Number of protein chains: 2
Amino acid sequence: MEKKVAEIVKLLKAKGYNITHSRNIMIRLFVETEKHLKPEEVYDLAKDQGISLPTVYRNIDVLKKTGVIKEITINNDRFYELHIYSQKKLHIHFRCNRCGNIRDYNNRNIFKKMIQQKDYIEETFGDHVEDISIVMRGICRDCHETG
Amino acid sequence: MEKKVAEIVKLLKAKGYNITHSRNIMIRLFVETEKHLKPEEVYDLAKDQGISLPTVYRNIDVLKKTGVIKEITINNDRFYELHIYSQKKLHIHFRCNRCGNIRDYNNRNIFKKMIQQKDYIEETFGDHVEDISIVMRGICRDCHETG
DNA sequence: CTTGATGCAAAGGATTTGCACAAAT
DNA sequence: ATTTGTGCAAATCCTTTGCATCAAG
């Protein structure tokens, strides 16, 4: 955890950003939270430590620009998650329609298959694909069992 | 074209919606337009025929609820496209980062492969996948050639 | 010190809503 | 005639911005 934070701090400094109180807090938040967070949620988790909502937005921008976090949009809601340790161009998410949880599928087999599809598409249609975002929706295992 | 419009009209009526002036116009717009439209764009195309922006939004809701159109969100922009003739649970879109065009990949091979992935995911993770939305971004063939 | 970051309040843009009026069946 | 749909203006929600102040290096 501290090691990750230190790396991110180093990266931000290298890109010319100051490490302020609120950036420190937000970095830690994203490092220690596994969930995908909305700006509002980041604010809720950080406001008692003295961070304003505009600052949350501004620092989300900074973290996004520097590649520390990544934005995904599901049903018109924006979420952010730590991205720096997975500089992938391929993101596969599952969102449960019942509990709202979002999980990432990080599975080598699936990735491999998806890359094959990408190659096939580039060949077939001539478009150059730079990144892929897959959102699956349905009922997660837990809700399925309890529901 | 008229046949498609008639079918949609029938569907809406069956679901208890009146076919009003503005719904008629909007249906025709979605049927004859191949592009993905933003609410604002729908409004621009329809306003000279006397449709207000709130009505555009309200009727987009109706068309969405009845399955006539489908919403996709890319980079925080909402687009709508005709959906009734492709009741798919799988949508593959490509958006060009240069010209902004969005195209659908409707290719049997890709669909088949994606369904396989879905099955694999359901088996592996136990989640039940109801629909899949794939957004690829990059440079389209045309921009690639001219750029 | 000097530049960059923050808070606050206010502005902005997209979407939604209340309400009186108009149009559909 | 009755219900449903619409326009307008205003409200709402999320996000961004201007500006004076504060903090980081």
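Computed from a predicted structure; not experimentally measured. Chain letters run A, B, ... following the sequence lines, proteins first and then strands; every chain starts at 1.
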Interatomic distance, A/Glu71 CD vs D/dC14 C1' [rounded to whole Å]: 13 Å

With sequence neighbours excluded, residues passing side-chain contact (heavy atoms from CB on, under 4.5 Å) with A/Phe111: A/Lys88, A/Leu90, A/Ile92, A/Asn106

Residue pair A/Gln117, B/Asn109: steps toward the side-chain contact (heavy atoms from CB on, under 4.5 Å) verdict: CA-CA 9 Å; A/Gln117 291 313 296; B/Asn109 279 323; over 6 Å; no

Given DNA chain D, 5'-ward residue of the pair B/Thr55 and B/Gly16, judged by closest heavy atom: B/Gly16

Of all pairs that satisfy salt bridge (Lys or Arg N to Asp or Glu O under 4.0 Å), the ones with a partner from residues 67-77 of chain A, not counting sequence neighbours: A/Lys38-A/Asp77, A/Lys64-A/Glu71

Listed once per pair and sorted, the salt bridge (Lys or Arg N to Asp or Glu O under 4.0 Å) pairs that draw on residues 10-30 of chain B, sequence neighbours left out: B/Glu2-B/Arg28

Contacts of type ring pair (Phe, Tyr, Trp, His ring centres under 6.0 Å), residue A/Tyr120, not counting sequence neighbours: none

Report all interatomic pairs (protein N or O, nucleotide N or O of nucleotides 12-17 of chain C) with separations under 3.5 Å.
residue, atom, partner, partner atom, Å
C/dT15, OP2, B/Tyr57, OH, 2.0
C/dT15, O5', B/Tyr57, OH, 3.0

Atom NZ of A/Lys113 with >12 non-hydrogen neighbours under 6.0 angstrom: no

Intermediate values then yes/no, side chain to side chain donor-acceptor pair (under 3.5 Å), A/Asp131 and A/His91: CA-CA 8 Å; A/Asp131 75 81; A/His91 293 265; over 6 Å; no

Phosphate contact (D/dT6 OP1 or OP2) by B/Asn59 side-chain N/O below 4.0 Å: yes

Heavy-atom protein contacts under 4.0 Å, nucleotides 20-25 of chain D, coded B base, S sugar-phosphate only, - none: ----SS

